[in-house]
Amino acid sequence: CFSDIISTVEFNYSGDLLATGDKGGRVVIFQREQENKSRPHSRGEYNVYSTFQSHEPEFDYLKSLEIEEKINKIRWLPQQNAAHFLLSTNDKTIKLWKISERDKRAEGYNLKDEDGRLRDPFRITALRVPILKPMDLMVEASPRRIFANAHTYHINSISVNSDHETYLSADDLRINLWHLEITDRSFNIVDMKPANMEELAEVITAAEFHPHQCNVLVYSSSKGTVRLCDMRSSALCDRHSKFFEEPEDPSSRSFFSEIISSISDVKFSHSGRYMMTRDYLSVKVWDLNMESRPVETHQVHEYLRSKLCSLYENDCIFDKFECCWNGSDSAIMTGSYNNFFRMFDRNARRDVTLEASRENSKPRASLKPRKVCTGGKRKKDEISVDSLDFNKKILHTAWHPLENIIAVAATNNLYIFQDKVN
């Protein structure tokens with residue numbers, strides 16, 4: 001069943017809610033259980049809180065194109081009241097959803113019976129005051145805004161601004177700025193579309209607002225570069241303020257160089273001082289004050305460099321891996337193949353490969369580090385490169401904003417791991 005393949009994973013600002021979107025257009029929200037005296041270990045367990053259909057498949061009659069219902073991205077809004085709000089998008093349409101709880105209902109209406117039928121006005125002789133009665137908790141999801149018809153190409157990113165009232169949406173060639181209250185117009189801030197489409201050399205792959213400066217955003221490209229724009233210097237960000245690019249090593253140039261240098265994800269650190277970019281083989285950390293080269297480069301699966309030919313033939317070379325920071329920016333995480341995911345400790349300069357699979361994830365069991373051997377003699381617990389399963393890939397991961405709890409999407413399974421507490 002393809003429709004339940006998870007396509008995005010996102011914690012909210014407190015980390016108590018975790019949203020996933022899937023290929024079938026559904027959003028599933030998990031809520032963290034509160035500490036329970038009778039079950040001391042239950043804190044940290046996430047259980048389904050709400051499930052709703054966010055997008056339906058559509059058809060563009062003008063272009064004769066099917067529009068998939070698959071959820072490309074989910075972004076939470078900071079919580080202002082008892083309700084929660086999130087933005088979800090497919091290829092074309094962004095929706096603002098409100099998730100709220102109801103545990104009371106009104107009874108004793110004047111104009112209708114308990115079963116909802118209208119009463120005969122002539123039979124109403126006394127005025128009743130309706131009262132609120134407790135009922136079973138209901139979680140409702142309702143669409144509050146629909147932001148449509150602003151993208152010619154497929155939306156790959158949405159990002160809420162730190163001013164909490166605007167957000168951006170990016171497709172292959174343009175970035176639009178929206179106000180959360182206004183659905184019928186958006187402001188185009190980046191347009192990379194050439195006058196002649198035959199001259200098209202690069203596309204936008206991801207975009208994000210700075211976590212604290214509401215005028216700063218970055219977007220990455222298929223050419224392996226990142227542009228930082230400042231909306232104070234000009235409303236149209238066609239001219240970037242900063243341009244991050246690592247010079248290519250001529251000795252390692254190959255037929256695949258351009259494809260594997262394409263950036264699939266860009267994320268600001270929580271501090272706002274660094275940003276991280278993910279390309280096919282590595283993840284890089286950049287200091288925003290230094291454009292010439294990254295301050296850190298972490299190899300995700302260097303052993304695949306010799307396998308690029310077959311990865312090109314089976315289209316895996318075009319897989320878009322995401323990356324994420326932990327709450328204190330001291331560690332980063334990104335996915336790989338064979339249900340492996342990688343974590344890099346920036347301070348200790350250590351890294352580890354872990355596996356998200358049913359066989360080795362019994363509740364409360366520790367994850368064992370995995371090693372891949374690239375040739376020569378294979379040790380007992382190593383896995384040979386040739387036996388890696390490229391259909392099992394971890395593209396989407398999320399890290400709890402405050403604690404060491406991570407969510408890892410492995411095709412249609414969601415795994416939640418946390419630091420072992422003794």
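Here the structure is a predicted model, which is why all the values come from computation and not from measurement.
Under a 3.5 Å cut-off, the side chain of Arg278 and the backbone N or O of Tyr280 do form a donor-acceptor pair. Remark: the backbone N or O of Ile263 is paired with a side-chain donor or acceptor of Thr205 at under 3.5 angstrom. Distance alone, capped at 3.5 Å, places no donor-acceptor pair between the Ser262 side chain and the Ile259 backbone. Using modelled atom types, no side-chain atom of His301 and backbone atom of Tyr303 make a donor-acceptor pair closer than 3.5 Å. The backbone N or O of Trp325 sits nowhere less than 3.5 Å from a side-chain atom of Lys267 that would complete a donor-acceptor pair.
When each of Val9, Ile394, Leu414, Ile416 is checked for a side chain to side chain contact (heavy atoms under 4.5 Å, CB included) with Val408, only Ile394 meets the rule. Test Ile405, Leu17, Ile406 against Phe11 for side chain to side chain contact (heavy atoms under 4.5 Å, CB included) and you get one pass: Ile405.
Between Trp97 and Phe52, the ring planes are tilted. Angles from 30° to 60° get that label. A perpendicular orientation is assigned to the rings of Trp76 and His84, their planes being inclined by more than 60° (bins at 30° and 60°). Ring geometry for Tyr415 versus Phe417: interplanar angle under 30°, hence parallel rather than tilted (30 to 60°). Phe147 and Tyr167 have perpendicular rings, their planes meeting at more than 60° on a 0 to 90° scale where under 30° would count as parallel.
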Problem - Worked verdict on Val226 versus Met275 for side-chain contact (heavy atoms from CB on, under 4.5 Å) - result: CA-CA 10 Å; Val226 177; Met275 68 175 176; 3.5 Å; yes
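For the residue pair Tyr46 and Gln418, no side-chain donor N or O sits within less than 3.5 Å of a side-chain acceptor on the partner. Side-chain N/O atoms of Asn72 and Asp91 include a donor and acceptor closer than 3.5 Å. Between the side chains of Thr166 and Asn161, at least one donor N or O lies within less than 3.5 Å of an accepting N or O.
Under the rule for a ring pair (Phe, Tyr, Trp, His ring centres under 6.0 Å), the partners of Phe244 that lie at least two apart in sequence or sit in another chain are Trp286.
Contacts classified as salt bridge (Lys or Arg N to Asp or Glu O under 4.0 Å) and involving residues 46-74 (residues at least two apart or in different chains) are given here: Lys73-Glu322.
Arg342 forms no cation-pi arrangement with Phe321, by the criterion of a distance under 6.0 Å to the ring centre and an angle within 45° of the ring axis.
The two residues Cys214 and Phe209 make their nearest non-hydrogen contact at O-CE2, 3.9 Å.
Taking 4.0 Å as the cut-off between side-chain N and carboxylate O, Lys368 and Glu355 do not count as a salt-bridged pair. The pair Lys242-Asp230 fails the salt-bridge criterion, with no side-chain N (NZ, NE, NH1 or NH2) lying under 4.0 Å from an Asp/Glu carboxylate O.
To the nearest 0.5 angstrom, Leu86 atom CG is 4.0 Å from Ile99 atom CD1.
Looking at Arg346 and Tyr274, their side chains come closer than 4.5 Å, going by heavy atoms from C-beta outward.
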